[in-house]
Amino acid sequence: MITNTDFLSGLNPQQKQAVTAQPGHILVLAGPGSGKTRVLTHRIAYLITQFHLPPDNILAVTFTNKAARVMESRVEDLLGEKPRGLWLGTFHAICARILRREADHLPFGSNFVIYDEDDQQSLVKTALRELNIDEKMYKAASIRGAISAAKNNMQKPEDLTSRTYREEVNLRVYQRYQELLRANNAVDFDDLLNEVVNLFEAKPEVRERYSRRFGEVLVDEFQDTNTAQYQILRHLALSGNSMFVVGDEDQSIYRWRGADYRNVQSFERDYPDCQKILLEQNYRSTQTVLDAARAVIDHNINRTPKHLFSDNGKGEKIILNDLMDDKMEADFVADTIQKNIKAKLWKGSDVAVMYRTNAQSRLLEEAFLKARLPYRLVGAQRFYGRREVKDIIAYLRLIYNPSDEVSLTRVINVPTRGIGDKSVSTLLQYAHNLKLSAGDVLSELGKLGQQSQHFSAFSGSIGIKLADFGSMLNSWRESITKGFPLTRLFQQILDDIRYEEYIDDASEEGHQRWENVLELGKIATEFDDRGLDEFLERLALVSDQDTLAEGTEAPTLLTLHAAKGLEFAVVFITGLDDGVLPHSRSLDDPEEMAEERRLLYVGITRAKERLYITRADRRSSYGGYENCTPSRFLRDIPATLVMNSGIIMPTRTSRPSMERRMENYSNWSTPSPTYGSFKPAPRQSKPPVEQRFPANCRVRHEVWGEGLVVKSVLEDGDETVDVFFDTVGFKRLIASLAKLEIVKK
DNA sequence: CAAAGATCGCTTTTT
DNA sequence: GCGATCTTTG
């Protein structure tokens with residue numbers, strides 16, 4: 001049996017406070033590397049062992065499967081056994097589970113399939129064709145985006161107004177798209193969330209059942225919740241349950257996907273009794289790294305100021321290098337890593353190279369190849385996105401759900417079996433006229449052949465071909481009803497359609513494609529005792545990031561987005577140029593710029609020991625070259641944190657020394673044209689200030705009203721004031737930003 | 001139906 | 001400038 005002290009030893013006071021908090025509304029703002037996962041897992045274990053909450057009263061949601069897995073295994077370690085009945089998973093997986101259970105109350109069956117982005121796009125195309133809309137003028141991809149954006153705001157077609165023709169098109173396609181989803185017995189990712197909200201609103205008794213069941217709801221990465229997710233949480237909280245949410249506004253980087261970090265503030269507003277706990281001790285990085293990160297992020301408004309600190313010492317200065325072009329930038333990165341690995345100073349797995357856009361990985365890959373350095377690339381070509389993998393998944397989905405016409409049209413002529421586009425549309429048209437799905441018609445044709453009432457609807461040999469295909473589908477479905485293992489079905493499909501013959505054309509690529517199919521088959525074996533439904537759900541909801549091979553010795557190449565949640569001893573952040581980071585599409589929108597800044601913040605805070613930042617004077621883009629100016633964010637990193645510490649530097653860069661360039665960044669407005677020697681530039685932006693709000697004086701804030709100053713610290717040329725407000729309690733403020741005024745007694 | 005030719009479009013991408 | 005995707009053509 002685990003004792004109280006076992007649990008809490010090794011937690012710092014703030015972590016302990018969070019873990020042991022009385023049930024209620026608890027908001028933990030956890031800076032990077034502050035032990036967020038530790039707090040969540042300990043909290044779950046603490047609830048079970050100390051508050052004796054049965055595990056099936058606990059719901060813990062994450063955003064990635066990986067995070068869910070990590071949390072699950074750590075909780076198991078803490079408890080010494082698997083907690084029975086605990087619901088732990090991603091928002092989407094949890095919602096899918098609820099929807100399948102409650103299908104009786106829903107406009108679709110419990111065997112619904114989950115459409116990914118590609119499937120959504122095909123459905124949009126279908127809608128466009130049905131509505132006779134020019135597909136050149138109105139791109140399926142952009143309409144799909146518009147629909148998803150609307151859904152992220154929980155707007156139904158009828159909630160939208162159209163002020164332009166384009167908006168009218170979006171609206172109509174959205175409407176039809178949604179009907180098609182239902183006809184296909186399918187939901188998209190957004191539906192998984194929205195339909196749960198709809199369900200909870202339409203059926204209070206269902207909502208009540210879930211909210212009663214989950215006495216405690218825990219949420220990871222709370223800053224990334226979107227409107228629907230926040231609504232789900234609010235509905236679950238209606239029965240007075242306890243909520244424990246953990247997040248960091250500064251790491252919100254999925255705004256474009258509907259995430260709204262302001263939900264953190266909404267939480268405080270909606271639950272005024274909420275207890276707010278800041279985790280500010282960082283166990284990951286050196287103080288230098290943290291100082292740089294803070295200097296970057298402090299320019300953002302609408303956030304809870306945090307004092308990240310570390311016991312890890314100052315550490316090495318940040319190395320900033322600018323190169324003549326993006327090719328040299330890539331070479332510098334690869335060469336530096338290669339030399340340090342060769343000198344046995346670094347291990348490959350300690351190193352990550354980060355960039356804003358996937359396109360930047362190409363030059364890096366070439367440079368690594370040239371340096372004969374193996375690497376691990378995250379993202380890019382997705383396993384589940386590959387054609388051959390999607391083909392087989394489409395077969396499986398069609399077997400599972402005969403109404404899935406997106407899958408049907410995908411595979412009905414793959415490999416080619418003489419059923420062309422014309423025949424397919426005849427089939428669809430015919431089926432729809434009879435209010436049947438094409439799958440049903442095929443199935444009957446397969447069963448009865450020429451005897452079928454449908455047979456005469458098809459001319460020539462088409463009826464035979466359709467019947468053959470339908471008969472295959474029937475025999476596969478039989479395999480399921482007979483309870484055969486999934487592997488057997490998988491093999492049967494491949495044999496019946498002779499897929500190897502079709503896909504492996506003896507070329508290198510064909511061979512690889514077949515390998516991918518076999519790889520999918522290997523995953524299927526894991527589901528032999530669980531069945532097709534769980535296999536499909538897993539395929540729909542698990543991304544490639546989750547299947548990322550761990551433990552390779554090679555450095556990792558990844559986007560800044562993909563880097564969230566990871567840490568590396570050595571981090572290279574490349575492309576610190578205006579237009580790249582911040583990205584050109586973000587320049588005119590302050591909210592987007594703030595997100596770009598957070599992206600850099602996330603990147604910086606991945607580094608444990610060493611941080612390299614690189615940029616280039618020109619980069620190849622769309623053919624030609626483009627001149628670049630250093631990222632505006634570089635200005636914000638104090639020159640005192642940065643230097644050229646004589647680390648192995650390619651000789652190619654013996655151009656205007658980096659030192660001079662550093663001065664340029666710090667004295668941004670007056671670039672020095674001279675080749676002077678390096679002097680750390682004085683911190684001009686923030687001259688030392690006087691203490692204006694000493695402890696024990698009363699102050700007024702325009703939002704929070706009056707309060708008492710508890711503590712005031714002068715540092716980094718600004719005054720940080722801790723105030724206990726009469727109404728909202730403790731807040732930490734930066735004097736120069738907060739517009740405080742002293743209240744005369 | 002496949003191969004060659006034309007055209008598009010180009011951030012990020014937890015699920 | 002490149003790659004994916006759609007269109008045309010034999």
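In what follows, every chain begins at residue 1, and chains take the letters A, B, ... in the order their sequences are listed. Note that the structure is a prediction, hence the values are computed from the model and not measured.
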When all nucleic acid strands are considered with a 4.0 Å heavy-atom cut-off, which category describes [X]: base, sugar-phosphate, or nothing?
X: A:Asp188; result: nothing
X: A:Asp116; result: nothing
X: A:Gln121; result: nothing
X: A:Ser584; result: nothing

Ring stacking, A:Tyr254 with base of B:dT12, under 5.5 Å and under 30°?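 No; by the centre-distance and plane-angle rule, A:Tyr254 does not count as stacking on B:dT12.
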
Whole angstrom value for the distance that separates [atom2] of [N] from [atom1] of [X]:
X: A:Asp589; N: B:dT12; atom1: CG; atom2: P; value: 18 Å
X: A:Lys327; N: C:dG1; atom1: NZ; atom2: P; value: 14 Å
X: A:Arg598; N: B:dT14; atom1: CZ; atom2: P; value: 18 Å
X: A:Arg387; N: C:dG3; atom1: CZ; atom2: P; value: 17 Å
X: A:Lys564; N: B:dT13; atom1: NZ; atom2: P; value: 13 Å
X: A:Leu558; N: B:dT12; atom1: CG; atom2: P; value: 13 Å
X: A:Arg362; N: C:dC2; atom1: CZ; atom2: P; value: 6 Å
X: A:Glu135; N: C:dT7; atom1: CD; atom2: P; value: 8 Å

Is [X] near enough to [N] that one of its side-chain N or O atoms lies under 4.0 angstrom from OP1 or OP2?
X: A:Lys139; N: C:dC6; value: no
X: A:Asn358; N: B:dC10; value: no
X: A:Thr559; N: B:dT13; value: yes

Selected nucleotide, minimal atom distance to [X] side chain, candidates [options]:
X: A:Thr416; options: B:dT12, C:dC6, B:dA2; answer: B:dA2
X: A:Lys125; options: B:dT12, B:dT14, C:dC6; answer: C:dC6
X: A:Asn413; options: B:dT13, B:dC1, B:dT14; answer: B:dC1

Relative to each other, are the rings of [X] and [Y] parallel, tilted or perpendicular (30° and 60° limits)?
X: A:Trp514; Y: A:Tyr499; value: tilted
X: A:Phe572; Y: A:Tyr612; value: parallel
X: A:His561; Y: A:Tyr254; value: tilted

Do the charged groups of [X] and [Y] touch, with an N to O distance under 4.0 Å?
X: A:Asp116; Y: A:Lys390; value: yes
X: A:Asp191; Y: A:Arg182; value: yes
X: A:Arg598; Y: A:Asp250; value: no
X: A:Arg255; Y: A:Glu592; value: yes

Find the runs of at least 3 consecutive base pairs, i with j, i+1 with j-1 and so on, that include DNA chain B, using Watson-Crick or G-U wobble geometry with both distances under 3.5 Å.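 When the pairs of DNA chain B are grouped into runs of at least three, the stems are B:1-10 with C:1-10.
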
Find out whether the Lys NZ or Arg CZ of A:Arg606 is both under 6.0 angstrom from the six-membered ring centre of A:Phe568 and within 45° of the ring's axis.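 Pair A:Arg606/A:Phe568 does not count as cation-pi.
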
Between C:dG3 and B:dT12, how far apart are the P atoms? Round to whole Å, please.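 My reading of the P atoms in B:dT12 and C:dG3 gives 16 Å.
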
Using heavy-atom distances to pick each residue's nearest nucleotide on DNA chain B, tell me which of A:Ala141 and A:Asp224 is more 5'.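 Whichever sits nearer the 5' end wins; that is A:Ala141.
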
